[in-house]
Each structure stands twice: as structure tokens, then as C-alpha cells.
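Both counts, for ligands and for their atoms, begin at 1 and track the order of listing.
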Amino acid sequence: MKSRNVSVVFCLLALALGSSTGWCQPSGITVDVSHPGAKISPLLYGIFFEEINHAGDGGLYAELIRNRSFAEKTTEGWSLETTGAASASMALDTSKPLNDANKTALRVEISRADRDGTAAVINEGYWGIALEKGERYELSFYARATGLNGTLEARLQGPDGKVYGAQTISGIGSEWKRYAASFESSGTEPKARLALVASAPGTIWLDTVSLFPAKTWKGRPNGMRPNLAQMLADLKPGFMRFPGGCYVEGGDYLRNAFRWKTTVTDIADRPGHLNDTWGYYSTDGLGFHEYLQLAEDLGAEPLFTVNVGMAHRESEPMERMNMWVQDALDAIEYANGPVTTKWGALRAQNGHPAPFNLKYIEIGNENGGPNYEARYPLFYKAIKDKYPNITLIANTLVKSPMDIVDNHIYSSPEQMRDATSTYDSWDRAGKPKVFVGEYANNNGVGTGNLKGALSEAAYMIGFERNADVVLMASYAPLFYNVDDHRWPVNLIGYDSAHVFGTPSYWVQWLFAHNRGDVVLPINLQVEKDKIAVAADRGGISLGTMNSQAEFKDVKVSSGAQVLYFSNFSTGASEWRTYNGTWATQDGVYKQTAPDWLARASVGSDDWQDYSLTVKARKTAGDGPVSISVRTGLRPGRGGVVMLNLGGTAGTLASFDRWALGEMKSMGSVPGTLELNRWYDIRIDVTGPHAQVFIDGKPAIDVPNFYREMTLSHLEATASLVQTSGEVIIKVVNFTEQPQTTSIKPDGASGIESEGTETVLTSASLEDENSIEQPRKVAPVTNNVSGLGPQFTRTFAPRSLTVLRLKTVKTSVAARQ
Ligand code: AHR
């Protein structure tokens, strides 16, 4: 057990005045430089790439043509434009495919065209193709044609038709063949388009139409967009987790899972797949090889997440699991195997004979429950038997052996600040080391503001303080194209041409650039506030945990107003389900799968005080039947609150709050839940007060189910750079007041009076960055003086400050 050494500063005068700020004695920070603690993992700060928000296609992956292979079986991104008297039509065509992987082409029939009236097939790119004056662009496509004189003109043109480059492609015959052209752009235009222009009648079939900037990051073929990749490189990531997320699972069904073997061929032979969770088709142009190459170019350890044979709504039967396990073993062989092996040879053929040195595999993504417990050990054993040096990461604490556990948290700023102490009390003897694979504030922080970023800094301070436990961490998600913004809060935003880091990006940047080698013990004297954080709004959900159940006659009312009613006579299409098999029959809503966790939700994020009535009965299983109230779209502020029926032996019902991985009973009623018996449930929520009635009788009364937190005005961490002797102190000031703080680096051999201070702040906690104002919230570094064995600094309101102090050792090192 490890605890933060934090003392509370008493603010008697302030309390007497009813205020807790501005009247206190100064805060104090003492750093024990002579007793360094745990080593900080060099891998601590990494990145997590997921194909979400067009992070790859239309983002990092430099391909400029949208829907290049028509694999989505739509003409999305493509249009026809004619001039003069020309006429043409286009349609998808599967009559004579390019190859087995790529079965759909675009057929364009030009019935009339000449030099005065042309027909053009246009691709608009990903919300525009960004051209830069003087830069080269490489076009390639597969085509076959009848008529047209075998000739097309390829043009890069602006939305107004202005031409920035043109090339004639001739000799297009009746069989599929690859054609290529190179352009130098005569101007800069962020919203350009590609036009393939015909000036004669005929029919042309097109496939795998690709346009790449000649300059990709590090000059890699099929490579990355330089400005986005550079943002990653600037984070100096210790590792790169890829390729997702839910993306790995395939969303609801395994048929949409990422299958690496279909991504290591020429791009014309990649079928791509539906990115079901995030609502668009993935070309898989950014494939397994490209991910490994990117990680290598970033100097980051690759961390590949493999599918464990589980999607949100299905699990592979155990007798077919070998296919998934073999996929994982083959992936390791592709990455690391000698060129004499089957997959190692393919890697060499793809341009990388040297091994990529893949050392980390995560088994599944956010999977759990009995299905995971059954499948996880298959991977662990097979991989360890063949590759004992690979570190294996589990999604949750499992009964089988595991090297590291991956914990995820998405929350509100208050909860994130509170979570800074999560690993202080980690059971070091009984639990494995931790990888915090996904964390971010995405609740109450706009699209990513300073408030969210500062509370993430507080959470990360908890990583450094517990460096013996937390080995790796990555913010999530990484990228979003502002023209297709799906996940609410992300790290890096961009459009076709521009890029910016959110305030959270700069927090990541500051921590990565100021990671010491060892932690230094720190004593904080700071003021604290008690705040109540509420699950104060949201709809309802019905659920099961390792059980099956039926529900009927659901009614939600607020006073005389009925917010929702259903007797399920016309289905349940308005309900959002997660896991389980949900269906209506004879006025009953049934969950019939033995899933670990299944849920169906309805309602609005605006619902606040209401009364829920529902009839519920358990039909099978050992676990509870759950009825949740105030389930916001992203519950997290104060946790999720639910009535669990029959969860524990001897308990009929318990009103529970689930927050930060902990289930807490707020009140319960003894008894035994009978199978197949209908119970009349009523839950009234008014502010923090919940009342539960079972079969018309008062059963549980919870006066206050809100979560109370005690939050420090400042959070701080200190570390030492062993080679130079520099002491790094990071301080977050959450308050709206400057915080004058006395700082004492105890036991250092002479602190120099000059050092540096980098401050991330802005005029308002709500401030965000954007394409228009990319550095509204960005760090500023200054030299500072007046440092020494004891000194005072004033930390700006709402800020993260990184102080770098030079000790005598630093100056000696500098002089040598
Ligand atoms: O980061 C976005 C999503 O959040 C990931 O795909 C998933 O792992 C998590 O639920």
C-alpha cells in the first residue's frame, strides 16, 4: 500500500467567510531529492491508435482518394460532371473484377463527349484533397475500357475548376492494367479534387484509384501524412498500441474484425473491411506492416492487440478458436520471424527483412466475463510456449497467468482528479503491473478543453507517483478528422490540410518531454474541497449479469408527465442494446443470452427527476438482474447507479453505485429473488435521493447516492533525471487563483538559482484549440531565477507547470 503524502492546509478565515479560496496560508511542496523512489518506465507515455473518426483513412494514412476500391459497394466520394452536350452515367460493376479480393469496380458509360463537351469522374478525397504548390502527387489506377480512344485526362483541380496539374493517360485497353501519372501542383488548394476526364464516347471501368503525396512521413511508400505523423513523433511515444479498440473486435460481429493477414498484400489486393463500430469502411491500406513500420519510425515499441475470438455480440465457439490463436502466432512470426519462415519471408518481400521486434501483445480489447476467461488462456499458453519473451497483456484481472493488466477510464474532470489516487492503494503483492491503455475526459469538457486536460494531468501524476505499478499509459482516442467527428473528445484534430493538438495533447507532450528516470518522494501541503458529483441526469437501462431476464410495462414519469411508456406490443426499436439477445414477445422484453453483461437503454440525457416502474423477472443464471436510473450517454460523472435484484445470497435487492471499478451498495433489502416470479419495481429519483419500492412496499431508501470527493487544489509530482541530476517538478493548479507555493527540494547537492518553467494555461477552463486557433492553449517555456534550497513560486490559475531545477550535478555535467 502506497499513499500520497498530502496535508490539508486549514483556511479558517476563508471558511468563516464561506469561501475556500484566496484566504489560505501558502501551499507547500517538499521534495526528498536524496531518497529516489521507483524507476519510471521509459515506456510510460505511449500512444493508442484506433481507426476511428477517420484516424487512418482520411487521416494519418496519406492516401488522398476516398473509396478508392469501391469495396464499400457505394460510389461515396465519387461523382460525375459533364460540360457542354456531353452525357454519362456511372454504376458499380462486378461483372469482371480486378481480382478476387477486389470484386467491385466503377463502370462509367460516356454516351456523348467530345473536346467541347467532356465527361469527368470526380473524387473529392476526404473532404477535399490538399495540394501544396510545388509538391508532387503520384496517381495510379487500374482501368479497362472500350471506346474513348483509350484516352483520359487526369486533372488535379480546385472546387472552382481551376487546374493545378494535368496528365494524359492513353492506351487504355480492354483488359485490366495499372496506369500511373505524376503531377507537380502549380498552387496550394486544401479542397482540390481529382478529375478523370473523357472527351470521347465509350465505357471505362476503374478500380484502386490512388493518389499519394510524393512526400510521405520518412519517405515510406504507402506511408503516412507528414504533418499528422510529426504530431505523434513530437510526443516521443514509448510504445504504440494498435489497431484499436472496438475496431479490433469488429464491433458487434466477428466478421468485421481486423484480420491482419488481409492487410499485408499490395493495396489492390486488400479487400478492406467494414469498420462497423465507427461507421465507415476501412481500406486496410494502413495494414499490419504499415503499423509496424510506423512504430519503428516513431521509435516506439509496437503493441499489437489481437482479437480474442470475441465481438460485442458474439464469441467464437471454443472448437473454432484455433483459427484466432494461429492468427496471433502468425502475426508474431510476420513481425519477428526469420526470413526463412513463411510469414517472415512475406515481411522481407514487403520491404523489411529485419525483424520488427514486436514484444507486446494484448489479448483482446475490453473483453471480460466467462467467455474471456475461457479464451484468454488459449492465447497465453500458445504464445508463451512459442515466444516466451513476449509480454502478454490481459483486458481485466483473470484467473489465468498474466503479465500486465490493461485498465481503461473515460470520465469527467472531477472523477479523473479523484482517480489520481487509484494506484496508491494497488495491491502490489497480489496484482500484476498496469497498462492504462485508454484514458480521457469526455464528459463535460466540450470537444477537449483545458479543464479536461488539467484533470488528466492530475491522473497522470498518479502514474508517476506509482511508477512501480503503472508501466505504460496511453490517452484515447488519438485522432479525429473534424469533418467526421464521431467520438466526442480526442487528442489531435485535423482537416485535409491542417492539424492541431487539443489541450490534452499538450499535457501528453509535457509529460513525455519531462519524464525523469526515478520518482522523488513529495510532500504536499494544500487546500482541499469536498464536492458532490452526481449521476444527475439520464435515461434508464435494463440489464443482466450472467443471468437472463424478462421485463414488461416500463413507465417513466415526472409528476403528471409521462416521459416514456411501453408495453412492448410494437417491439423495442427505440432501445439501444449492448450484448445479450434482446427480443419482444407477447408484450415482454426478453434477454435470453447467458452473457456476462447485457444491457438495453432508453430515454434521454435530459431526464432528471422521475419515477420508473417496471415488472421484472429472472428466468435463468446465477447473477443479478439490473435496473439502472440516470444512465447518461456516457455515465461517469458520479458513476452508474442501479438496483440489482438477486445479486448476492441473502439479498433480495441492493441499490448500488458503480464507479472507478468499484461497486458500492448504498442500501439493500434481505431476502431471496425467486426465479420466474414477476416483481413490481418502482424507483423514484429526486436530486440525490432514491427510493425503491418492491411489490408496492417501500424497500430501500437512499438519501444521497451522489459521490462525494475530496479534491486537492494542487496536485504535484517530482522526478529526477539521473544522468544530469535535474529535478523535475510538475504542478497542476485547478483553482481560478494564483497559488503561491513554497518549494523545498530537500537533500539536493546545491540547487542553481536559474532553471526553466513551462506553463500550460489559458484565460478560461473552457478554452479549446481548433483549426482556426491551433495554439490557443499551448505551453510556454521561460527561464526563471530565484530558485534554491527553498524558494517560492506562484502557479498560474488553471495551469500545469513544469519546473526544471538544475542541481550542482547538472552544472558539472554541463561543464564537462
Ligand atoms: O477509444 C474509443 C473506444 O473506447 C475504444 O474503441 C474502446 O476500446 C473503448 O470502449
Side-chain angles (χ1 to χ4, degrees), residues 46-57 59-60 232 237 239-254 256-258 273-280 282 286 291 303-308 310-313 361-369 372 393-396 404-412 415-416 434-443 445 447-448 452 456 459 472-481 484-493 502 504-505 508 576-579 596-599 601 631-636 640 658 660-661:
I47 53 174
F48 163 49
F49 180 93
E50 172 157 28
E51 182 57 90
I52 179 173
N53 304 307
H54 282 277
D57 288 330
L60 182 62
L232 300 184
F239 66 90
M240 181 177 101
R241 177 182 180 227
F242 66 91
C246 299
Y247 181 72
V248 168
E249 298 169 89
D252 286 348
Y253 300 105
L254 287 166
N256 297 320
F258 175 82
H273 73 284
L274 180 66
N275 181 357
D276 189 33
T277 327
W278 308 123
Y280 56 96
S282 169
L286 180 45
Y291 283 117
L303 189 170
F304 181 43
T305 302
V306 299
N307 188 304
V308 66
M310 291 174 72
H312 293 169
R313 282 168 184 256
I361 295 279
E362 178 156 7
I363 304 175
N365 172 68
E366 290 190 348
N367 301 120
Y372 186 63
I393 301 168
N395 296 165
T396 182
I404 297 181
V405 65
D406 178 4
N407 286 345
H408 294 178
I409 169 174
Y410 291 100
S411 84
S412 64
Q415 190 170 337
M416 192 65 98
V434 173
F435 164 39
V436 184
E438 298 181 29
Y439 65 95
N441 278 306
N442 55 19
N443 192 327
V445 295
T447 58
E456 282 146 20
Y459 188 53
M472 303 158 92
S474 43
Y475 180 100
L478 192 55
F479 280 127
Y480 78 111
N481 189 316
D484 191 38
H485 187 179
R486 289 165 192 256
W487 187 267
V489 184
N490 306 274
L491 203 63
I492 299 169
T502 60
S504 296
Y505 174 88
Q508 295 291 320
R576 269 196 326 266
T577 61
Y578 172 80
N579 284 351
W596 164 57
L597 183 74
R599 199 170 55 220
S601 316
T631 56
L633 266 184
R634 305 222 162 275
V640 181
W658 167 262
L660 291 180

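- Trp487 and Glu50 share no donor-acceptor pair across their side chains, judged by distance under 3.5 Å alone.
- Partners of Asp276 by salt bridge (Lys or Arg N to Asp or Glu O under 4.0 Å), not counting sequence neighbours: none found.
- Looking at residues two or more places apart in sequence or on another chain, you find a side chain to side chain donor-acceptor pair (under 3.5 Å) between Asn365 and Arg241, Glu249.
- Under the rule for a side-chain contact (heavy atoms from CB on, under 4.5 Å), the partners of Val489 that lie at least two apart in sequence or sit in another chain are Asn442, Val445, Tyr475.
- Considering Phe49, Phe48, Phe304 as possible partners of Phe242, the one that fulfils the ring pair (Phe, Tyr, Trp, His ring centres under 6.0 Å) test is Phe304.
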For ligand 1, list all ligand N or O to protein N or O distances below 3.5 Å, rounded to 0.1 Å.
from	atom 1	to	atom 2	distance (Å)
ligand 1	1 (O)	Tyr410	OH	2.6
ligand 1	1 (O)	Glu438	OE1	3.3
ligand 1	4 (O)	Tyr410	OH	3.3
ligand 1	4 (O)	Glu438	OE1	3.2
ligand 1	6 (O)	Glu50	OE1	2.6
ligand 1	6 (O)	Glu50	OE2	3.1
ligand 1	6 (O)	Cys246	N	2.8
ligand 1	8 (O)	Asn365	OD1	3.3
ligand 1	8 (O)	Asn365	ND2	3.0
ligand 1	8 (O)	Glu366	OE2	3.4
ligand 1	8 (O)	Glu438	OE1	3.2
ligand 1	8 (O)	Glu438	OE2	2.7
ligand 1	10 (O)	Glu366	OE1	2.7
ligand 1	10 (O)	Glu366	OE2	3.2

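- Minimum interatomic distance between Asn441 and Met416 (heavy atoms only, all atoms of both residues): OD1-CB, 3.5 Å.
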